[in-house]
Amino acid sequence: MKTINSRKTIRKYTKKDVSESLLRALLEKAERTPTMGNLQLYSVIVTRKAEMKAKLAPAHFNQPMVEGAPVVLTFCADFRRTTLWAENRNATPGYDNFLSFLNAATDSLLYCQTFCNLAEEEGLGTCFLGTTIYNSKAIIDALQLPRLVMPVATITLGWPDEDPPLSDRLPVDSIIHNEIYNDYTPARIDAFYTPKEQLEENKHFVEINNKETLAQVFTDLRYTKEANEAMSKELLKTLEEQGFTEN
């Protein structure tokens with residue numbers, strides 16, 4: 001891939017449309033993604049209409065790129081199609097459980113990433129929205145997702161109208177473990193995170209949030225224990241409503 005070392009998250013898009021033929025070609029190419037049992041446990045909801053984007057926007061905290069992008073794609077863990085196939089072929093499916101959700105979610109996320117890679121090779125810009133699992137119930141309602149279908153990822157898609165700087169990344173040594181998991185000592189944490197903390201933009205981030213460290217910005221403001229616990233409860237409830245937990 002030529003673009004992987006220069007890829008950027010794009011939140012602003014031109015008015016140029018993403019043609020149906022290009023979108024379908026990219027979605028079709030992405031089907032070569034690895035998948036559990038060759039079952040392709042995913043579906044994609046394509047949103048182009050302004051009124052539908054407006055319905056989705058609150059679930060994504062009204063981030064402007066949801067309504068500003070030509071296309072919004074919601075990637076769903078989907079065991080419904082496979083279940084109906086089985087039921088229509090004199091087979092007895094057993095996919096209404098948490099393991100099946102994890103398998104389908106993995107399939108869907110792999111497919112989403114392949115699609116993003118292909119789209120960016122074509123010059124398109126994408127933004128991955130982690131809010132999908134935060135507010136999955138609202139997305140289910142907006143998109144009328146039936147039982148055994150669960151949204152797990154959303155991307156906005158369009159032709160870039162900005163050229164933001166590259167985001168920083170941890171050194172590759174921070175993620176590699178040879179043979180067994182090599183736990184992180186304070187010295188290793190310092191080695192891996194100090195360069196990130198010393199970036200001017202991150203020091204400014206700490207300052208404007210009135211915190212002592214970059215880690216505090218994440219733990220106290222961006223991803224708090226209280227919010228994580230509340231959203232976890234809601235996510236588990238939604239999974240049960242969609243049929244992915246055993247009674």
Side-chain angles (χ1 to χ4, degrees), residues 8-31 40-81 83-84 101 104-105 107-109 111-120 122-164 227 230-231 234-235 237-244:
K8 304 171 181 180
T9 293
I10 301 298
R11 295 178 173 86
K12 293 178 63 179
Y13 305 95
T14 70
K15 298 298 183 181
K16 181 181 176 182
D17 193 22
V18 178
S19 71
E20 182 67 17
S21 60
L22 175 58
L23 180 59
R24 287 183 63 87
L26 293 171
L27 290 168
E28 183 176 7
K29 287 179 182 179
E31 285 191 289
Q40 294 181 248
L41 303 170
Y42 48 79
S43 286
V44 185
I45 312 298
V46 180
T47 302
R48 290 182 180 272
K49 294 181 179 179
E51 59 267 30
M52 287 302 298
K53 293 176 193 173
K55 286 183 178 181
L56 286 173
H60 297 293
F61 301 143
N62 291 306
Q63 296 178 86
M65 57 276 198
V66 176
E67 296 191 71
V71 182
V72 177
L73 299 176
T74 306
F75 294 78
C76 301
D78 186 348
F79 243 121
R80 182 174 182 81
R81 185 179 63 249
T83 294
L84 293 175
F101 165 69
D107 262 23
S108 182
L109 291 169
Y111 179 76
C112 175
Q113 182 60 71
T114 299
F115 175 86
C116 288
N117 290 343
L118 291 167
E120 288 163 0
E122 290 290 331
L124 287 159
T126 68
C127 180
F128 183 91
L129 304 181
T131 42
T132 304
I133 58 171
Y134 295 170
N135 295 307
S136 53
K137 176 60 176 171
I139 296 170
I140 288 167
D141 291 342
L143 300 179
Q144 301 179 30
L145 303 182
R147 187 175 183 273
L148 298 182
V149 181
M150 186 76 179
V152 294
T154 301
I155 67 163
T156 56
L157 179 73
W159 302 101
D161 194 25
E162 63 174 347
D163 187 21
M231 287 186 286
E234 187 63 28
L235 177 60
K237 179 183 176 183
T238 304
L239 281 171
E240 184 174 4
E241 291 173 352
Q242 290 303 100
F244 278 116

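Bear in mind the structure is a predicted one, so any value in this text is a computation, not a measurement.
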Run the numbers on Arg147 and Glu241 for salt bridge (Lys or Arg N to Asp or Glu O under 4.0 Å), then give the verdict.
CA-CA 8 Å; Arg147 187 175 183 273; Glu241 291 173 352; over 6 Å; no

Hey, mind stepping through Phe115 and Leu23 against side-chain contact (heavy atoms from CB on, under 4.5 Å) and telling me if it holds?
CA-CA 10 Å; Phe115 175 86; Leu23 180 59; 3.8 Å; yes

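Asp107 CG to Phe75 CZ: the interatomic distance, rounded to the nearest 0.5 Å, is 13.0 Å. Interatomic distance, CD1 of Ile139 versus CE of Met150, reported as 9.0 Å (0.5 Å rounding). Summarising the geometry, atom CG belonging to Leu148 is positioned 11.0 Å from atom CG belonging to Leu41; distances are rounded to the nearest 0.5 Å. Here the CG atom belonging to Leu73 is positioned 4.5 Å from the CD1 atom belonging to Ile155, to the nearest 0.5 angstrom. Between atom CE of residue Met231 and atom OG of residue Ser136 there is a gap of 10.5 Å, rounded to the nearest 0.5 Å. To the nearest 0.5 Å, atom CG of residue Leu27 and atom CG of residue Leu118 are 9.5 Å apart.
Proximity of Glu162 to Arg11: side-chain heavy atoms (C-beta onward) are separated by under 4.5 Å at one or more points. You'll find the side chain of Phe101 stays beyond 4.5 Å of the side chain of Phe79, heavy atoms only. Contact annotation: the side chain of Leu157 never approaches that of Pro70 to less than 4.5 Å [non-hydrogen atoms, C-beta and beyond]. For the pair Val71/Thr156, no side-chain contact is recorded, criterion being any heavy-atom separation below 4.5 Å from C-beta on. In this structure, the side chains of Ile45 and Cys76 come closer than 4.5 Å at one or more pairs of heavy atoms.
Remark: the backbone N or O of Lys15 is not paired with any side-chain donor or acceptor of Trp159 at under 3.5 angstrom. In terms of modelled atom types and a separation under 3.5 Å, the side chain of Asp161 and the main chain of Thr14 share no donor-acceptor contact. Between the Arg48 side chain and the Val72 main chain, no donor and acceptor come within less than 3.5 Å of each other. Of the possible polar contacts, one joining the Gln242 side chain to the Val149 backbone as a donor-acceptor pair under 3.5 Å is found. Judged by distance alone, with hydrogens and angles left aside, the side-chain atoms of Thr238 form a donor-acceptor pair with the main-chain N or O of Glu234 at under 3.5 Å. Under a 3.5 Å cut-off, the side chain of Asp78 and the backbone N or O of Arg81 do form a donor-acceptor pair.
Contact between Glu31 and Gln40 at its shortest, heavy atoms only, is OE2-NE2, 2.9 Å. The two residues Ala30 and Thr114 have their closest heavy-atom pair at CA-CG2, 3.8 Å. Here the closest non-hydrogen pair linking Gly158 and Val18 is CA-CG2, 3.9 Å. The shortest non-hydrogen separation linking Met52 to Ala142 is CE-O, 3.5 Å. Taking all atoms of both residues into account, the shortest heavy-atom contact from Leu26 to Ala119 is CD1-CA, 4.0 Å. Taking both residues in full, the closest heavy atoms of Ile140 and Pro151 are given as CG1-CD, 3.6 Å, listed atom of the first, atom of the second, then distance.
For Tyr42, the ring-ring contact (aromatic ring centres under 6.0 Å, His included) partners at least two apart in sequence or on another chain are Tyr111.
Under the salt bridge (charged side-chain N to carboxylate O under 4.0 Å, His left out) criterion, no residue pair touches residues 51-66, with sequence neighbours excluded.
Counting non-hydrogen atoms of neighbouring residues, nucleotides and ligands closer than 6.0 angstrom, the CZ atom of Arg24 reaches no more than 12 such neighbours.
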Side chains of residues 125-134: which donor-acceptor pairs under 3.5 Å do they make with residues two or more places apart or in other chains?
{"unit_1": "Thr126", "atom_1": "OG1", "unit_2": "Glu120", "atom_2": "OE2", "d": "2.7"}
{"unit_1": "Thr131", "atom_1": "OG1", "unit_2": "His60", "atom_2": "ND1", "d": "2.6"}
{"unit_1": "Thr132", "atom_1": "OG1", "unit_2": "Leu129", "atom_2": "O", "d": "3.1"}
{"unit_1": "Thr132", "atom_1": "OG1", "unit_2": "Thr154", "atom_2": "N", "d": "3.2"}
{"unit_1": "Thr132", "atom_1": "OG1", "unit_2": "Thr154", "atom_2": "OG1", "d": "2.7"}

